[in-house]
Asks: 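The structure under discussion is supplied below as structure tokens; questions concerning it will follow.
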Amino acid sequence: MSTRSLRVGFAAIVVALPHIGLAHGVGALESAMAAYGLGLGLVDAGCNMQAVAIEHHYGRPLMSTFHGAWTRGGVLGTLIALATHRWGFASPPRCS
């Protein structure tokens, strides 16, 4: 089940992400963001199921290591965004 959850979740993210950037109205944006959030939730659930399977395989607790790596990745991404926010990337289009 976990690999199916990951595949469906990644597919939903890949399809929804361009629609978020290209949305021409609030309704389209809301729908695309809902699909993206659903995909993200499926990926999160699938990753947690994989981590539990690995814990059972190794016979010791490892989940905190997975969550620690996820948190480090989030912090690193935030620091990169903060360091590069003034590099002059184009502003995203605004919904009307």
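Numbers here are sequence positions counted from 1.
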Asks: Do Thr3 and Gln50 have side-chain heavy atoms sitting under 4.5 Å apart?
Replies: yes
Asks: Measuring from Leu79:CG to Thr84:OG1, what's the distance to the nearest 0.5 Å?
Replies: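 Spacing of CG (Leu79) from OG1 (Thr84) equals 10.5 Å.
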Asks: If we only count heavy atoms from C-beta on, is the Asn48 to His67 side-chain gap below 4.5 Å?
Replies: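 They are in contact (side-chain heavy atoms under 4.5 Å apart), so the answer is yes.
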Asks: Give me the other members of the hydrophobic cluster that Val14 sits in, counting Ile, Leu, Val, Met, Phe, Trp and Tyr linked by side-chain heavy atoms under 4.5 Å, directly or via other members.
Replies: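 Its cluster mates, by chain and number: none.
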Asks: Quick one: side chain to side chain contact (heavy atoms under 4.5 Å, CB included) partners of Ala35, sequence neighbours excluded?
Replies: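 If we apply the side chain to side chain contact (heavy atoms under 4.5 Å, CB included) test to Ala35, skipping adjacent residues, the hits are Ala16.
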Asks: Out of curiosity, Ile54 CD1 to Met63 CE, how far, rounded to the nearest 0.5 Å?
Replies: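 Atom-to-atom, Ile54:CD1 and Met63:CE are 9.5 Å apart.
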Asks: Taking Glu55 for the side chain and Pro61 for the main chain, is one N or O donor matched with an acceptor at less than 3.5 Å?
Replies: no
Asks: Would you indicate whether the side-chain heavy atoms of Leu62 and Arg60 approach each other to under 4.5 Å?
Replies: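 The answer is yes, as the side chains (C-beta and beyond) meet within the 4.5 Å cut-off.
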Asks: Closest heavy-atom contact between Val43 and Leu6?
Replies: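 Distance-wise, the nearest heavy atoms are O-CD2, 3.5 Å.
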